[in-house]
Amino acid sequence: MLSEAARPYIAASVPVLRSHGLQITQVFYQSLFRAHPELHNLFNLGNQANGVQQQSLAAAVFAYAANIDDAAALAPVIRRIAHKHASVGISAHHYPIVGRHLLGAIQTVLGEAATPALLAAWDEAYSLLADSLIAAENALYTQADSQAGELRQLTVLAVREESAQVRSYYLQDAEGGSPGSFLPGQYVSVAVQLGELRQLRQYSLSDAPEQPWWRISVKREDGAAAGVAGQVSNWLHRQLQVGDTLLVGRPYGDFAPELGGERPICLISAGVGITPMVSVLNSLRSRQPRRRVLFAHAARHGRLHALRSDLALSRHAHPGLRSAVFYETPQEGDRLGIHYQHAGRMQLAKVLDAELLDGDFYLCGPLGFMQQQWQALLAAGVSPTRIQREVFGPELLDQLG
């Protein structure tokens, strides 16, 4: 618990962080990478180049300061960050390094306003946060029976084109079987060597854990900011072939819909956000084929609708399923009623009924899409406690005050 001496300094920092948080995190990363260039291997260089990483950290620091006395509000955020940290191999020895450079950045940006008392308060607050994250990450490593940063070589069993932008890779272990269990909705880290740097990216597992493989479905990111954000996805699309091996981490992520319940479950996605939803859908097809399920997906048109065959199979084998596919701009060859049911952007009011409104809702897709559907669900009377989103970056914290 934060000491009474430190609390007023942290509270006073909230408006300062709102104004200067991004500048502080920019200085932080510059300082960190100058002193520890080896840490580039743990960070997404695309997100560094386009500013997403800096915005994410700024949002996290601000949210932590604003909610430092609200453990209930911070707990799910800490849990989600811990899963992301575990997926890239963060361990306890990283935290003192980060803390030193974060305090240095606060001092650099605030200048004389960063008094010794203020810095001492932030040192205390950061230590409390670090302890919480370290404990959560150690528990995840223990649960996964894994060490921080552990990767395994998996073999590419098959490659399948899913859409004009998405390609699936089927991965098996050395014995020719599934690399292990996971919860539908979780993701794995994939490591790719790009010159002197290794880069890690997270991809949702897109098939059921009952299958004798892991499947990841990767969107090729073209035209990304600074020409960096799409390096790994483009490398995978260009280079990875059947018979090749790939370094892959353990499954992590707390976006894992409850499959054992009786209430309706509503899976709402857009674009490549369909990947964890199909994992859930395929699992429900085998475990609870009569459970009421709404699978609502939005794509620009049929050529960009990934994993369409999985949905078609579930339509035939899952009596409890209702699918609602929205194509914003249907193209020639898109067949109404087979490929999609609705033209235009997703409007949940068209597909929700009284029974579904009593269900559990899961969202995955671009930030703007999830915000729109979140608001639509709230307007329909759905409690926010029954809505979960799969998000990374600054939007992870936008439900905090």
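Everything numeric here is computed off the predicted structure, so don't read it as measured data. When a residue number appears, it is its place in the shown sequence, counting from 1.
At most 12 non-hydrogen atoms from other residues, nucleotides or ligands lie less than 6.0 angstrom from OH of Tyr9. In this structure, Gln143 places its CD atom where only 12 or fewer heavy-atom neighbours from other residues, nucleotides or ligands lie under 6.0 Å away. Counting non-hydrogen atoms of other residues, nucleotides and ligands closer than 6.0 Å to CD of Gln147 gives a total of 12 or fewer.
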Under the side-chain hydrogen bond (donor to acceptor under 3.5 Å, both in side chains) criterion, do Ser383 and Thr385 qualify, and how do the steps go?
CA-CA 5 Å; Ser383 168; Thr385 62; 2.7 Å; yes
From CA spacing to verdict: side chain to side chain contact (heavy atoms under 4.5 Å, CB included), Ser91, Glu137
CA-CA 8 Å; Ser91 62; Glu137 289 151 19; over 6 Å; no
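Here the straight-line distance linking atom CG of Leu311 with atom NE2 of His318 works out to 11.5 Å at 0.5 Å rounding.
Residues His40 and Phe33 bring their aromatic ring centres within 6.0 Å. Residues Phe255 and Tyr187 keep their aromatic ring centres 6.0 Å or farther apart.
Inter-residue side-chain proximity for Tyr203 and Val232 is flagged as met; some heavy-atom pair is nearer than 4.5 Å. A heavy-atom distance below 4.5 Å is found between the side chains of Arg201 and Asn44. A heavy-atom distance below 4.5 Å is found between the side chains of Leu321 and Phe295. The shortest distance between side-chain heavy atoms of Arg215 and Val278 falls below 4.5 Å.
Side-chain contact, Arg152 with Thr245: no donor N or O sits under 3.5 Å from an acceptor N or O. Side chains of Ser233 and Arg220: no donor on one and acceptor on the other come within 3.5 Å. Between the side chains of Glu258 and Tyr362, no donor-acceptor pair is found at a separation under 3.5 Å. Checking His85 against Tyr95 by side-chain atom types alone, a donor-acceptor pair falls below 3.5 Å. With hydrogens and angles left out, the side-chain atoms of Ser269 and His297 include a donor and acceptor closer than 3.5 Å. Side chains of Trp214 and Asp207: no donor on one and acceptor on the other come within 3.5 Å. A donor-acceptor contact under 3.5 angstrom links the side chains of Ser217 and Ser206, judged on distance only. For Ser3 and Glu124, the side-chain atoms include at least one donor-acceptor pair closer than 3.5 Å.
Within the structure, the side chain to side chain donor-acceptor pair (under 3.5 Å) test picks out the following pairs touching residues 344-357 (sequence neighbours left out): Arg292-Asp353, Arg292-Glu355, Glu328-Arg345.
Ion pairing between a basic and an acidic side chain is recognised when a charged N comes within 4.0 Å of a carboxylate O; Arg303 and Asp334 show no such pairing. Ion pair Glu150/Arg250 flagged as a salt bridge, since at least one NZ, NE, NH1 or NH2 atom sits closer than 4.0 Å to an Asp/Glu carboxylate oxygen. Under the 4.0 Å criterion applied to side-chain N and carboxylate O atoms, Arg386 and Asp360 are not assigned as salt-bridge partners.
Under the 30°/60° scheme for interplanar angles, the aromatic rings of Tyr141 and Tyr252 are found to stand perpendicular. Aromatic ring pairs are classed by plane angle as parallel below 30°, tilted from 30° to 60° and perpendicular above 60°; the pair Tyr327 and His305 is perpendicular.
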